[in-house]
Amino acid sequence: APALCQETFGPVAAIVPFNNVDEAVTVSNKTQYGLSASVWTKDRELASRIALNLDCGNVFINSTSFSDPRLPFGGIKRSGFGRELAGFGLHEFANVKSIYNQSPG
């Protein structure tokens, strides 16, 4: 299905059956895209474990994906690189110059 192998933007949700959480994470990580994911559960520990194992730039627990200027936002894989917003995003637009001078005096 195109929704499983292309980078789709809402309101679209691909529904894929799975036998356990590890299988769900494996299937989710097989995509060549990785902008964001949503994890929906009442189990906070499980949500955190899933979030750490998902290959994407942002994970939203019990929430849909959104951008907030206080949070870095951006994807991985074919969903881009780098971050916008927040402190990390500011550094994306900075040009840093190092000057090392070993001259005496």
Side-chain angles (χ1 to χ4, degrees):
L4 296 177
C5 58
Q6 296 176 0
E7 189 166 41
T8 55
F9 295 89
V12 175
I15 299 174
V16 179
F18 55 89
N19 294 313
N20 57 55
V21 171
D22 292 329
E23 181 184 353
V25 170
T26 298
V27 169
S28 296
N29 288 341
K30 283 186 180 179
T31 180
Q32 53 187 317
Y33 300 100
L35 181 57
S36 67
S38 292
V39 176
W40 297 84
T41 179
K42 293 179 182 177
D43 186 332
R44 293 176 75 149
E45 284 186 34
L46 177 62
S48 294
R49 183 170 65 90
I50 293 170
L52 288 170
N53 287 294
L54 286 170
D55 293 337
C56 58
N58 308 279
V59 179
F60 296 85
I61 298 172
N62 296 326
S63 174
T64 57
S65 176
F66 65 93
S67 84
D68 180 313
R70 298 169 295 175
L71 303 172
F73 189 85
I76 62 171
K77 302 180 187 180
R78 292 188 63 195
S79 290
F81 57 90
R83 294 293 174 268
E84 61 185 37
L85 306 175
F88 286 101
L90 268 164
H91 293 292
E92 292 293 321
F93 297 100
N95 290 318
V96 178
K97 181 187 290 186
S98 296
I99 300 174
Y100 175 80
N101 186 346
Q102 194 172 344
S103 301

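Just so it is clear, the values below take in all heavy atoms, side chains as well, and ignore hydrogens, waters and symmetry mates.
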Minimum side-chain heavy-atom gap Arg78-Tyr33 below 4.5 Å
yes
Hits for side chain to side chain donor-acceptor pair (under 3.5 Å) against Ser65, two or more places apart or cross-chain, chain-then-number order -> Ser36
Just one of Val27, Asp22, Asn29 clears the side-chain contact (heavy atoms from CB on, under 4.5 Å) bar with Val25, so which one?
Asn29
Grab the two heavy atoms, one from Ala47 and one from Thr41, that are nearest each other, plus how far apart they are.
CB-CG2, 3.6 Å
Heavy-atom count around Gln32 CD within 6.0 Å, excluding the residue itself: above 12?
yes
Heavy-atom closest pair, residues Asp43 and Leu46:
OD1-N, 3.0 Å
What residues, two or more places apart in sequence or in another chain, satisfy ring pair (Phe, Tyr, Trp, His ring centres under 6.0 Å) together with Phe18?
none
Please list, chain by chain and in numerical order, all residues satisfying side chain to side chain contact (heavy atoms under 4.5 Å, CB included) with Asn62, sequence neighbours excluded.
Trp40
Can you name the side chain to side chain donor-acceptor pair (under 3.5 Å) partners of Ser28, sequence neighbours left out?
none
Under the side chain to side chain contact (heavy atoms under 4.5 Å, CB included) test, which residues partner Asn19, sequence neighbours left out?
Glu23
Under 3.5 Å donor-acceptor pairs involving side-chain atoms of residues 50-60, not counting sequence neighbours:
| unit_1 | atom_1 | unit_2 | atom_2 | d |
| --- | --- | --- | --- | --- |
| Asn53 | ND2 | Arg49 | O | 2.8 |
| Asn58 | ND2 | Leu35 | O | 3.1 |
| Asn58 | ND2 | Gly74 | O | 2.9 |

Heavy-atom pair with the smallest gap, counting every atom of Ile61 and Ser48:
CD1-N, 4.4 Å
